[in-house]
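Heads up, the thing below is written out as structure tokens.
Within every chain, numbering begins at 1; the chains are lettered A, B, ... in the order of the sequence lines, protein sequences first and strands thereafter. Side chains are part of it too, since the values below use all heavy atoms of this structure and drop only hydrogens, waters and symmetry mates. Predicted model only: the values in this text are computed from it and were never measured.
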Amino acid sequence: KAGVTQTPRYLIKTRGQQVTLSCSPISGHRSVSWYQQTPGQGLQFLFEYFSETQRNKGNFPGRFSGRQFSNSRSEMNVSTLELGDSALYLCASSLGLAVPSGANVLTFGAGSRLTVL
Amino acid sequence: GEDVEQSLFLSVREGDSSVINCTYTDSSSTYLYWYKQEPGAGLQLLTYIFSNMDMKQDQRLTVLLNKKDKHLSLRIADTQTGDSAIYFCAESRRWDNFNKFYFGSGTKLNVKP
């Protein structure tokens, strides 16, 4: 079955612009989580969406936002880009509910690498 | 990843065993995971262990869990240059009717030929 698909894979923006990244989860997965990965800060949790609702949120400013559609696809948006927003943005999907008899596994996409100049 | 800690770097020679360590703080963790990230790629699930288990073996990979000390380790036998990557430890904690995931900062494994 198809994995988690993130688009675009690479993009370059300038300071002050805004960007939208897309994530298509594995079929049947209702949860989509977003992470920011930078060399200095490691893997930082941005937010999680489940059934079109933000269920969990990390400590990022309001410039970072997201949404989820009825088909579970998710987008994240960063407005007023800053140099420090340059990072690999990873999306992960999962079933989203605690599974009584097994692990709820996160499956990651290949990421969208954003460079802000 | 403030509640999950890993050392940042590990260097081994090809053919040796690698041991990557991780500590976590929440004793209510349900599952613990090891992910591998190769350059330019996303995270790939390697293996996971249920919190009531002590050990899990899968080919060259052995996971050891010491729940009393909240210590998790990943042993890679006969390490190859293709094992060079960043390895992330993660835990899931039950929250209401779903799980929250917490990641360590990753251990960069360098395998020298």
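Contact count versus chain B (heavy atoms, under 4.5 Å) is highest, among A/S94, A/A110, A/C91, for A/A110.
Connection of A/L21 to A/F45 is not established within any shared hydrophobic cluster, with ILVMFWY side chains joined at heavy-atom distances below 4.5 Å, either directly or through further cluster members. A single hydrophobic cluster is seen to contain both A/L11 and A/M76, as judged by linkage of ILVMFWY side chains at heavy-atom distances under 4.5 Å, directly or through other members. B/V19 and B/Y87 fall into different hydrophobic clusters, where Ile, Leu, Val, Met, Phe, Trp and Tyr residues are linked whenever their side-chain heavy atoms come under 4.5 Å apart, directly or through other members.
Contact of A/Y35 with chain B is made through the side chain alone, with heavy-atom distances under 4.5 Å. Contacts between B/Y35 and chain A at a heavy-atom distance below 4.5 Å involve the side chain alone, from C-beta outward. Only the side chain of A/E48 comes within less than 4.5 Å of a heavy atom of chain B; its backbone N, CA, C and O stay farther away. With a 4.5 Å cut-off on non-hydrogen atoms, B/L43 touches chain A through its backbone and its side chain both.
Shown here is B/K108, whose NZ atom has no more than 12 heavy atoms of other residues, nucleotides or ligands within 6.0 Å. In A/R15, the CZ atom is not crowded: 12 or fewer heavy atoms of neighbouring residues, nucleotides or ligands sit closer than 6.0 Å. In the displayed structure, B/F9 atom CZ is contacted under 6.0 Å by at most 12 heavy atoms of other residues, nucleotides or ligands. Atom CG of A/N59 is surrounded by 12 or fewer heavy atoms from other residues, nucleotides or ligands within 6.0 Å.
The CG atom of A/N56 sits 11.0 Å away from atom CG of B/N99, with the distance rounded to the nearest 0.5 Å. In this structure, B/S92 OG and A/N104 CG are separated by 7.5 Å, a value rounded to the nearest 0.5 Å.
Here the side chains of A/V105 and B/Y31 are not in contact, with every heavy-atom distance at 4.5 Å or above. B/Q37 places a side-chain heavy atom less than 4.5 Å from the side chain of A/L90. Within the 4.5 Å cutoff, side-chain heavy atoms of B/F103 are placed close to those of A/L106.
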